[in-house]
> 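Handing you a structure now.
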Amino acid sequence: MAKKKRRILVIRCGRLGDTAISSVILDPLRHIFENVEIDWVTKTEVADIFSCESDINPIRFNHTTIPLLIDINKIGIIIKSLFNPYDAIFNLEVSKKYDNLVKFTRAVKKFGRPYHHIPDDRTEHRAKHQMRIVNKCSSNYPEQIAIPNIKCKPLKELSGIFDTSKEFLVVSPSTSKFGKNNHRGYRNWSFDNWKILIGSLIEKTNFNIVITGTKKDYDNFKDLHTENVRVMNLAGKLSLTEYATAMKFAKYVIGVDSASVHVASAVGCEKIIALYGPTYIKSSKPYETRLNQVHIISKNLPCSPCYATSVIENCNDNICMKKIMPTDIINIINMR
């Protein structure tokens, strides 16, 4: 007789990079609960990152701030739990917007807000913060499995999209604030620098170059040497699992503090080059494991990090990112 599956509800309804970091909890939960199935509350546009995970059922939320009493998704979770309670709920959010969902959803045990508030104060990596919530339940798992980990498709699945027989690297200029000129876009690197970088990669390496981003980025990226046969503009052309596969098998993934470098870490990309200026490196850098090597490029200015402070709001020029030069990246790649 098959052993009954343990049912877990995970609440982490963030962007793609946030979700990639939070995947750190998956293997520890599988170890703690053994035969487990996981319902994961996630943003709709992020849900397909779990397409290759057979034990994860994404619960898609189009909106995250709707009050409980008029939110069909939240009410649906609560009603189902009345008839089939969860073995455990793990609320990985730091804000209060899911507190009532946790309170009214039936479960044997509940961890995270509103019962265990563990603030994210940026003094530790966010993956470690997420694991502190899991550890309220149990720390009975091998420490080495507590790393971000997302499954993806085999490389051959991309052979119809580009030539996978040749070594390639991924360049990801995009962020959720790409194109914004005010302080909200200050972790971006300039378009001119991306263009210079790709030109240098064409000239000084033998790699093919895959450019990733969103559908709305595609036309913006047409000037990034896409007329060259070695450069492929795949912004908006890949599913999330294809995107993850490209990250995994790239020789390098190059990006700023954005989803690309965090997904690259979670799928085990060999080498990641991440450009940091206003954000907190210690808490938000790509998670380094035995499977990957992370290179952080930062000018470490006295005013950095300043993200989510009055310093960045009053900054008129994101000099911390502008001081990073394309040669800084080329020098790392040429050291291989």
> Is it possible for you to say whether Trp40 and Val24 belong to one hydrophobic cluster, with membership spreading through side-chain heavy-atom contacts below 4.5 Å?
yes
> Just checking, any donor-acceptor pair under 3.5 angstrom between side chains of Thr164 and Ser159?
no
> Would you mind reporting whether Pro85 and Val108 have side-chain heavy atoms less than 4.5 Å apart?
no
> What heavy-atom pair brings Lys299 and Asp328 nearest, and what distance separates the two atoms?
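That would be NZ-OD2, 3.2 Å.
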> Can you tell me how far the CE atom of Met321 sits from the OG atom of Ser190, to the nearest 0.5 Å?
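Taking CE in Met321 and OG in Ser190, the distance rounds to 9.0 Å.
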> Using 0.5 Å steps for rounding, measure from the OG1 atom of Thr205 to the CG atom of Asn208.
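Output value for this atom pair is 9.0 Å.
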> Hey, are the side chains of Leu92 and Ile11 touching, using non-hydrogen atoms and a 4.5 Å cut-off?
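A side-chain contact is absent here, since even the closest heavy-atom pair is not under 4.5 Å.
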> Considering only heavy atoms from C-beta outward, does the side chain of Ile198 approach that of Asn228 to under 4.5 Å?
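Not touching, per the 4.5 Å side-chain cut-off.
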> Would you indicate whether Asn140, at its atom CG, is surrounded by more than 12 heavy atoms from other residues, nucleotides or ligands within a distance under 6.0 Å?
no
> Taking the side chain as everything from C-beta on, heavy atoms only, tell me whether Ile281 gets closer than 4.5 Å to Asn300.
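The answer is yes; the side chains approach within 4.5 Å.
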> Compare every heavy atom of Glu288 with every heavy atom of Asn292, then report the nearest pair and how far apart it is.
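For Asn292 and Glu288, the tightest heavy-atom pair comes out as OD1-CA, 3.3 Å.
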> Whether the Tyr86 and Asp39 side chains hold a donor-acceptor pair (N or O, under 3.5 Å, no angle test) is what I'd like checked.
yes
> So Leu101 and Asp71, side chain to side chain contact (heavy atoms under 4.5 Å, CB included) or not? Walk me through it.
CA-CA 10 Å; Leu101 175 62; Asp71 191 319; over 6 Å; no
> Salt-bridge test for Arg12 and Glu93: reply yes if a basic N is under 4.0 Å from a carboxylate O, no otherwise.
yes
> With clusters defined by side-chain heavy atoms of hydrophobic residues (ILVMFWY) lying less than 4.5 Å apart, directly or transitively, does Leu238 cluster with Val46?
yes
> Kindly indicate whether a cation-pi arrangement holds for Lys237 with Tyr218, taking the cut-offs as under 6.0 Å to the six-membered ring centre and within 45° of the axis.
yes
> Quick check against the 3.5 Å criterion: does Lys282 have a side-chain atom that pairs as donor or acceptor with the backbone of Thr123?
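Yes; judged by distance alone, with no hydrogens or angles, the pair exists.
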> Just wondering, more than 12 heavy atoms not from Lys128 lying within 6.0 Å of its NZ?
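No, NZ of Lys128 has 12 or fewer neighbouring heavy atoms, counting only those of other groups under 6.0 Å.
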> If we check side-chain hydrogen bond (donor to acceptor under 3.5 Å, both in side chains) with Arg60, which of these qualifies: Asp48, Thr42, Thr44?
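The side-chain hydrogen bond (donor to acceptor under 3.5 Å, both in side chains) with Arg60 is passed solely by Asp48 among Asp48, Thr42, Thr44.
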> Which pair of non-hydrogen atoms, one from Val170 and one from Ala246, has the smallest distance, and what is that distance?
CG2-O, 3.8 Å
> How about Pro286 and Ile296: do any of their side-chain heavy atoms sit closer than 4.5 Å?
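Side-chain contact under 4.5 Å: yes.
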> Verify the neighbour count for atom NZ of Lys80: are there more than 12 heavy atoms of other residues, nucleotides or ligands below 6.0 Å?
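Open: at most 12 neighbouring heavy atoms sit under 6.0 Å from NZ of Lys80.
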> Give a yes or no on whether the backbone of Cys320 and the side-chain of Asn318 come within a donor-acceptor separation of less than 3.5 Å.
no
> With distance as the sole test, does Arg6 use its side chain to make a donor-acceptor pair with the main-chain N or O of Glu34 at under 3.5 Å?
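Not confirmed, Arg6 side chain does not pair with Glu34 backbone.
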> Does any N or O in the side chain of Asp87 come within less than 3.5 Å of the main-chain N or O of Arg7, such that one atom is a donor and the other an acceptor?
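Such a contact is found between Asp87 side chain and Arg7 backbone.
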> Is the shortest heavy-atom distance from the side chain of Ser81 to the side chain of Phe104 under 4.5 Å?
no
> Between Ile202 and Arg230, is there a side-chain heavy-atom distance shorter than 4.5 Å?
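Result yes, sub-4.5 Å side-chain heavy-atom pair found.
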> Looking at Leu82, I'd like to know if its CG atom is crowded, meaning that more than 12 non-hydrogen atoms belonging to other residues, nucleotides or ligands lie closer than 6.0 Å.
yes
> Could you give the distance from CG (Asn233) to NE2 (His225), rounded to the nearest 0.5 Å?
13.0 Å
> Going by the angle between their ring planes, with limits at 30° and 60°, are Phe111 and Phe90 parallel, tilted or perpendicular?
parallel
> Strictly distance-based, threshold 3.5 Å: is any side-chain N or O of Tyr276 a donor or acceptor partner for the main-chain N or O of Ser284?
yes
> Go through the steps for Leu9 and Ile59 under the test side chain to side chain contact (heavy atoms under 4.5 Å, CB included), then give the verdict.
CA-CA 10 Å; Leu9 177 66; Ile59 301 177; 4.2 Å; yes
> Would a hydrophobic clustering, with Ile, Leu, Val, Met, Phe, Trp and Tyr connected at side-chain separations under 4.5 Å, put Val36 with Phe50?
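Yes, Val36 and Phe50 fall within the same hydrophobic cluster.
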> May I ask you to check whether Tyr141 and Asn135 show a side-chain donor-acceptor distance below 3.5 Å?
yes
> Looking only at heavy atoms, which two atoms of Leu224 and Val231 are closest? And how far apart?
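Closest heavy-atom pair between Leu224 and Val231: O-CG1, 3.7 Å.
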> Out of curiosity, does Tyr287 fall in the hydrophobic cluster containing Ile25 (side-chain heavy atoms, cut-off under 4.5 Å, transitive links)?
no
> Between Tyr98 and Lys74, is there a cation-pi geometry (under 6.0 Å to ring centre, at most 45° from the normal)?
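Yes, cation above the ring, under 6.0 Å and within 45°.
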> Please test Ser265 against Ile272 for side chain to side chain contact (heavy atoms under 4.5 Å, CB included), starting from the C-alpha separation and ending with a verdict.
CA-CA 8 Å; Ser265 169; Ile272 303 166; 4.0 Å; yes
> Taking all non-hydrogen atoms of both residues, which atom of Ile133 and which atom of Asn91 are closest, and how far apart?
CD1-O, 3.7 Å
> Answer yes when Asp223 and Lys195 have at least one side-chain N-carboxylate O distance shorter than 4.0 Å, and no when they do not.
no
> Measure the spacing between CZ of Arg132 and CG of Asp120 and express it to the nearest 0.5 Å.
8.5 Å
> Strictly below 4.0 Å, N to O, side chains only: are Asp18 and Arg15 in salt-bridge contact?
no
> Measuring only between side-chain heavy atoms, which start at C-beta, is Tyr307 closer than 4.5 Å to Asp257?
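When only atoms from C-beta onward are counted, Asp257 and Tyr307 do not touch, as no gap falls below 4.5 Å.
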> With distance as the sole test, does His262 use its side chain to make a donor-acceptor pair with the main-chain N or O of Leu16 at under 3.5 Å?
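Here the side-chain-to-backbone pair does not exist.
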> Apply the test side chain to side chain contact (heavy atoms under 4.5 Å, CB included) to residues Glu53 and Ile38: give CA-CA distance (whole Å), side-chain angles for both, the deciding distance (0.1 Å), then the verdict.
CA-CA 10 Å; Glu53 308 282 353; Ile38 300 170; over 6 Å; no
> Tell me whether Lys136 contacts the main-chain N or O of His116 through its side chain, where contact means a donor paired with an acceptor under 3.5 Å.
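No: the side chain of Lys136 does not pair with the backbone of His116.
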> Look only at the side chain of Thr245 and the backbone of Thr241, and say whether a donor-acceptor pair between them is shorter than 3.5 Å.
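At least one qualifying donor-acceptor pair exists.
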> Between Arg122 and Tyr280, is NZ or CZ placed under 6.0 angstrom from the six-membered ring centre and within 45° of the ring axis?
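Yes, cation above the ring, under 6.0 Å and within 45°.
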> To the nearest 0.5 angstrom, please state how far the NZ atom of Lys110 sits from the OG1 atom of Thr105.
6.5 Å
> For a quick test of reading the model, state the closest non-hydrogen atom pair linking Ile49 to Ile150 and the distance between them.
O-CG2, 3.6 Å
> Just by distance, do the side chain of Trp189 and the backbone of Ile324 share a donor-acceptor pair under 3.5 Å?
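The answer is yes, because a donor-acceptor pair under 3.5 Å joins these two groups.
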> Assigning hydrophobic clusters by single linkage (Ile, Leu, Val, Met, Phe, Trp, Tyr; side-chain heavy-atom cutoff under 4.5 Å), is Leu275 placed with Val263?
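Different hydrophobic clusters.
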> In plain terms, say whether Glu270 and Lys251 are close enough for a salt bridge, that is, a side-chain N and a carboxylate O under 4.0 Å apart.
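The answer is yes: the pair qualifies as a salt bridge.
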> Without swapping roles, check the side chain of Glu157 against the backbone of Glu242 for a donor-acceptor pair under 3.5 Å.
no
> Look up atom NZ in Lys285 and atom CD1 in Ile21, then write down how far apart they are to the nearest 0.5 Å.
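Output value for this atom pair is 12.0 Å.
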